[in-house]
Amino acid sequence: MSPDHPAPSSAQWALLFSAWLIALVSTLGALFSSEIMGLEPCVLCWYQRIAMFPLALMLAIALLPFDARVVRYALPLALVGAVAAAYHTLLVWGLVPKDLVPCGQGPSCAEVKFELLGFVTLPLLSLTAFALIVILLWILKSRKSG
C-alpha cells in the first residue's frame, strides 16, 4: 500500500464496511418506501435522504482501496442527518410543537405513515441508522488517529 493509503486493520475495514452497509440498506429502504410502497416523502424525509444517499456512495468508494480519510467528510454529513432524523422523530412523537413543523407543502412531517411493532416509525429507523453510522465512523476515527 502507498503512504496515502496504509493497509487497514481488519477491524478498521469492518467498521467502514458496516457503516457503508447501513447506509446502503437505508438508501434502498428509502427508495423502496417511496417508489414501491408509494409513501411520498415529506420535507424532513428529503433532508435525511440528502444526507444518507451520498453516504452510501462515499463509504463505498472509500472501501476499495481503503481510505479512512473519508471520515472527515462522512461524519459531518451523518451528524447533520442524525439531527434532522432526531427532530423528525420528536415531531412524530408529538414532543415538538405543531407551529414548529417545517412542512408547508406536500405531506405532513408529523404524520405517521408507516409503523412497525406499534412504535418504530420511518424517522426512528432513520435516526437509528444515522446514529449507528456516526458511532462506527467515530470509532474508525479514533482508531485511525490512535
Side-chain angles (χ1 to χ4, degrees), residues 5 8-146:
H5 299 288
S9 69
S10 59
Q12 287 177 312
W13 197 87
L15 288 166
L16 187 56
F17 179 80
S18 298
W20 167 74
L21 192 60
I22 292 166
L24 178 66
V25 168
S26 299
T27 296
L28 294 175
L31 291 171
F32 179 83
S33 71
S34 61
E35 300 303 318
I36 306 299
M37 294 175 61
L39 300 175
E40 186 180 349
C42 68
V43 170
L44 286 173
C45 290
W46 277 115
Y47 292 152
Q48 293 164 65
R49 287 172 179 218
I50 289 169
M52 186 63 75
F53 290 7
L55 280 173
L57 183 61
M58 282 193 309
L59 297 174
I61 291 170
L63 280 170
L64 297 170
F66 178 82
D67 188 1
R69 296 175 302 173
V70 73
V71 171
R72 75 178 79 168
Y73 309 109
L75 188 56
L77 194 56
L79 286 168
V80 167
V83 168
Y87 182 78
H88 197 179
T89 300
L90 294 173
L91 187 62
V92 166
W93 286 349
L95 299 174
V96 173
K98 297 290 182 197
D99 54 329
L100 294 178
V101 176
C103 301
Q105 296 178 346
S108 169
C109 292
E111 180 185 335
V112 176
K113 300 170 191 158
F114 179 80
E115 198 171 49
L116 291 170
L117 305 173
F119 73 98
V120 180
T121 61
L122 291 176
L124 182 59
L125 286 172
S126 178
L127 176 59
T128 303
F130 279 117
L132 288 172
I133 292 169
V134 166
I135 290 166
L136 291 167
L137 292 175
W138 191 266
I139 294 169
L140 179 60
K141 180 182 187 292
S142 67
R143 288 188 181 221
K144 183 180 97 173
S145 61

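- With contacts defined as side-chain heavy-atom distances shorter than 4.5 Å, the pair Leu57/Thr27 does not qualify.
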Using distance only, find each side-chain donor-acceptor pair of residues 49-56 under 3.5 Å and give its atom names and separation, not counting sequence neighbours.
unit_1 : atom_1 : unit_2 : atom_2 : d
Arg49  : NH1    : Ser34  : OG     : 3.4
Arg49  : NH2    : Ala30  : O      : 2.7
Arg49  : NH2    : Ser34  : OG     : 3.3

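- The nearest pair of heavy atoms linking Ala62 to Leu16 is O-CD2, 3.6 Å.
- With sequence neighbours excluded, the residues that form a side-chain contact (heavy atoms from CB on, under 4.5 Å) with Leu95 are Leu90, Trp93.
- Smallest separation of non-hydrogen atoms from Leu127 and Ala82: CD1-O, 3.6 Å.
- Sequence neighbours left out, not one pair with a member in residues 17-26 passes side chain to side chain donor-acceptor pair (under 3.5 Å).
- Applying the side-chain contact (heavy atoms from CB on, under 4.5 Å) test to Ala11 and every residue at least two apart in sequence or in another chain returns Ser9, Arg143.
- The side-chain hydrogen bond (donor to acceptor under 3.5 Å, both in side chains) check on Ser126 picks up Gln48, with sequence neighbours excluded.
- Among all heavy-atom pairs drawn from Val70 and Leu59, the shortest one is CG1-CD2, 4.1 Å.
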Using side chain to side chain contact (heavy atoms under 4.5 Å, CB included), reason through His88 and Val92 one step at a time and then give a plain yes or no.
CA-CA 6 Å; His88 197 179; Val92 166; 3.9 Å; yes

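- With a 4.5 Å cut-off on side-chain heavy atoms, Leu79 and Val83 do not count as touching.
- For the residue pair Lys141 and Leu75, the shortest heavy atom distance occurs at CD-CD2, 4.3 Å.
- Here the closest non-hydrogen pair linking Pro76 and Val71 is CD-O, 3.8 Å.
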